[in-house]
Structures are given as structure tokens and as C-alpha cells.
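Keep in mind that the numbers below use all heavy atoms, side chains included, and drop hydrogens, waters and symmetry copies.
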Amino acid sequence: MKVYISDGESDTKIEIARIEDGTNTDVRLLYLDVFADSEIGKYLRAEKTKITVEAQGEPPQENTTIEAVATFKIKLKL
């Protein structure tokens, strides 16, 4: 699974997090850290921000609802 961020207006997006193959995803909650070198400030300051997730794998056998919550802690450099 790969997570991308964009400004919501253009097609340009950057990858900010991923889950590597072989990671146990058979859990109720999954936490991802944004890559340390990701420059996401301009996307979070944009009028619109878009988070996109691309995933592949086997679908669950039963109906499943996926809910995503994105929380960002920002460090300011002055």
C-alpha cells in the first residue's frame, strides 16, 4: 500500500508513506509514519489537500468498511 499527497488541484502527487510487502496487515488499526524527508507543508497549506491510497491484495471474504483518519504533527522551522 502506498499513500500519496497532492494539492487537490493538480495531478502532481508525492509518495509520503507505504506498507512494505510482508507486513502483517491483519489488524484492526494500522499506523503509518510520513517519510522523514517528505516536504508536505505546501500541500497542507494549500486551499485543498488530497490524500490518495493505492493498494493491492486479496479482498476480504465479508463486507468490510475501511475508515481512514489522517493526523499530521507539524514541526516549524524558523
Side-chain angles (χ1 to χ4, degrees):
M1 182 176 88
K2 295 180 180 181
V3 181
Y4 299 90
I5 192 168
S6 67
D7 64 12
E9 297 292 332
S10 68
D11 292 333
T12 303
K13 61 184 179 182
I14 62 166
E15 183 181 355
I16 58 170
R18 80 169 61 141
I19 297 175
E20 300 292 341
D21 290 342
T23 301
N24 177 20
T25 57
D26 190 19
V27 294
R28 188 163 173 82
L29 290 174
L30 215 80
Y31 294 94
L32 294 166
D33 290 325
V34 171
F35 300 143
D37 61 345
S38 295
E39 295 290 333
I40 64 171
K42 69 178 182 178
Y43 299 103
L44 297 177
R45 288 189 302 270
E47 190 172 318
K48 296 180 181 180
T49 301
K50 182 178 178 182
I51 304 291
T52 306
V53 178
E54 293 179 357
Q56 47 184 311
E58 297 296 321
Q61 294 181 0
E62 56 191 53
N63 286 339
T64 303
T65 299
I66 298 174
E67 180 180 329
V69 175
T71 303
F72 296 92
K73 293 180 182 179
I74 307 299
K75 293 182 183 178
L76 297 176
K77 293 181 183 178
L78 302 174

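Here the shortest heavy-atom pairing between Ile16 and Phe72 reads CD1-CE2, 4.5 Å. Contact record, Leu32 with Arg18: CD2-O, 3.8 Å, taken as the closest heavy-atom pair.
Heavy atoms from other residues, nucleotides or ligands lying under 6.0 Å from CG of Asp37 number more than 12.
Rounding to the nearest 0.5 angstrom, the gap separating the OH atom in Tyr31 from the OG1 atom in Thr71 is 9.5 Å. For the atom pair CD (Glu20) and CE (Met1), the distance works out to 11.5 Å, reported to the nearest 0.5 Å. Once rounded to the nearest 0.5 Å, the distance linking CG of Asp11 with CD of Glu9 reads 11.0 Å.
Placement of Val34 and Ile14 within a single hydrophobic cluster is found when ILVMFWY residues are connected by side-chain heavy-atom separations under 4.5 Å, directly or transitively.
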Using residues 44-57 as the side-chain source, report each donor-acceptor pair under 3.5 Å to any protein atom, sequence neighbours left out, with the distance given to one decimal.
residue: Thr49; atom: OG1; partner: Tyr43; partner atom: O; Å: 2.5
residue: Glu54; atom: OE2; partner: Lys13; partner atom: NZ; Å: 3.0

